[in-house]
2 protein chains.
Amino acid sequence: MATISDVAFRAGVSTATVSRAFNGKSTVDPALAERVFRAATELDYRPNSLARNLRRQATTVLALIVPDVENPYFTAVARGVEDCALSAGYSVVLCNSDGDPDKERRYVDVALQERMAGVVLSPTAAGVGVTALRERRTPVVVVDRMPPDAAVDQVSVDGRTAACEATTHLLAEGYRRIACLAGPNGGTAAHDRLDGFRDALRTSGRGDGGGLGWQADGHGASGALQAARRFLADDEPPDAVLATDSATAIGVLEAMAERGLLAGRDVGVVAFDDGPWGRVLDPALSVVVQPARRIGSEAAGLLLQRIAEPERPAERIVLDATLTVRGSSRRG
Amino acid sequence: MATISDVAFRAGVSTATVSRAFNGKSTVDPALAERVFRAATELDYRPNSLARNLRRQATTVLALIVPDVENPYFTAVARGVEDCALSAGYSVVLCNSDGDPDKERRYVDVALQERMAGVVLSPTAAGVGVTALRERRTPVVVVDRMPPDAAVDQVSVDGRTAACEATTHLLAEGYRRIACLAGPNGGTAAHDRLDGFRDALRTSGRGDGGGLGWQADGHGASGALQAARRFLADDEPPDAVLATDSATAIGVLEAMAERGLLAGRDVGVVAFDDGPWGRVLDPALSVVVQPARRIGSEAAGLLLQRIAEPERPAERIVLDATLTVRGSSRRG
DNA sequence: CTGAAAGCGCTAACAA
DNA sequence: TTGTTAGCGCTTTCAG
């Protein structure tokens, strides 16, 4: 592959001039620049980012580490991060922690070793990777789940209020035994939602606010299915359920189908996260919509700010989720 | 950040020894190695991959460029690539071309500039990025859509046969006016499926095999929705449809719901790609299942082989898709 | 088995 | 405005 000196030689200038031309420095004679670019195209030259970054001590790649790329919520977040990063000249690499702290650590190490400019992280367990990053002074912004203490940039969604609102809605529709089903790797996000669920029960004066909290048996819809089968087989099964993510919701719906239970009429269902398929169900799925893409772009924005100005105080952006009521949570 | 010389100094050895220790070279006195590692942990040293890669002229990062990260099919492929790559010590960066040749080129350039070890590419248009990569002798394997000529490693699915089988099944169920609806960025994959669809019509002696080919108006379910609205409003609307991907299927289902049409009974539906939500529909969605994750791991395997042995002849792996019949394509 | 030294391709002072 | 030069942090001959 052609190097900067090949280009310099062919254009009859020094490597410094080539470098300046390629970096758009003002101080380059247009005629020379022209020659440089001609030589470069003739040689099909591509600057070697490795060398450049080594010299500059800075890269322009951002990492986004999420617990599950197959969760549409996170892919939407990824799009948001991309939107913002690309237009600022950064590229984004998407990494999958699988909800496993070890894998998270591994990717954090990769980011560190590659000297990436910063990372957007949706942490698996409290602060495993975040602290590592912060110790090494690598800019990081936390998305979605939050170690409550850390002075770290964050963008999150007020899931507690949203869960409360959803539960209140279910109560208002006349459902009485409401369960909340969470996925297996309950981060603080899931926790928040459970809190909101309990808030609603307490406020309504129904019991001590303990509510019926369930956790899926394993990853994805199948884990949720098993849990749902179990609680639907109970003597006094719930008559409504709040699912904390899409996969969980699908498990619940499957379990209901097995017993011939219809959403809305028999069991009220509200789920976090909206997917295009929610509307083709009959009845359509009531959802709590999180502004996923926006979360991503805000996070990237915060990260870019911190990269530019490492000492600025930590900031937290809290976005609202909105309840969209459809048939699955209406009795009628 | 601590560098190799900091570690060398602290351990009282040369940088060469540190390097050797970290790279697990046999020829290092255990006692020295011990000292090196102690010093390294004390300093919290992380090797700088930039420097290492610059020196070695080789990275251990793979790029995976797909047209749409929000399509579950591609995230599944990504998991497959990851499975294989991670266990071989490579990391994977996921890039989104959005079906746009320009974005694809941009990411190909990033891969080139970063001197990535290789790329798995699901091309948007015929060969835009592939040729660029091949000219620069960067290992590449094409997934899913294939410029038929190029001598390039590929892993694909026999979509033509699968589409033919699906269409034949629809015919056998008694549907007579079958449409095939494709997404907006029809790669060769969509093309194949349309071909298979036509094969089936021709074989069955129904018309000239031209069939009813439709293309979605735009990206995602909404684009498909508009197209589906149009053909359902036809004088002689189709009585079955083969959708070439999930998003398209959702658009069709939505359009059907608007007109009160029930899948199976009124309009037979088969879609490419299986998602967990297909089973919670009533009737459940008949699908053509592609071994997405497998595709990814095979592709990564091929890529690794080519990296190891650049001159080996190009290989093509063709995987089968399987038809899973559920209620949406059964009249009864 | 270990160290000295060269150099990967690029950028940024510093001179001219 | 341009060239010269000294590294960025690491690996890898080549001697010892």
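This is a predicted model, so every value here is computed, not measured. Quick note on labels: first sequence line is chain A, next is B, and so on, each numbered from 1.
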*N/O (side chain, A:Thr17) to phosphate O (OP1/OP2, D:dG3) under 4.0 Å*: yes

*Taking B:Tyr73 as the fixed residue, which of B:Asp68, B:Asp144, B:Asp245 is the one that meets the side chain to side chain donor-acceptor pair (under 3.5 Å) rule?*
B:Asp144

_Heavy-atom count check: over 12 atoms from other residues, nucleotides or ligands less than 6.0 Å from B:Phe37 CZ?_
yes

*Nucleotide-resolved protein contact map, nucleotides 9-16 of chain C, B/S/- at heavy-atom distance under 4.0 Å*: BBBBB---

*Could you pull out all residues at least two apart from B:Asp6 that satisfy salt bridge (Lys or Arg N to Asp or Glu O under 4.0 Å)?*
none

*asked:* Below the 4.0 Å mark, does D:dT1 have OP1 or OP2 next to a side-chain nitrogen or oxygen of A:Thr27?
replied: no

*asked:* Tell me every residue that passes salt bridge (Lys or Arg N to Asp or Glu O under 4.0 Å) with B:Arg20, counting only those two or more places apart in sequence or in another chain.
replied: none

*Verify side chain to side chain contact (heavy atoms under 4.5 Å, CB included) between B:Ile307 and B:Tyr90, making sure each step is shown before the conclusion.*
CA-CA 12 Å; B:Ile307 289 169; B:Tyr90 284 79; 3.9 Å; yes

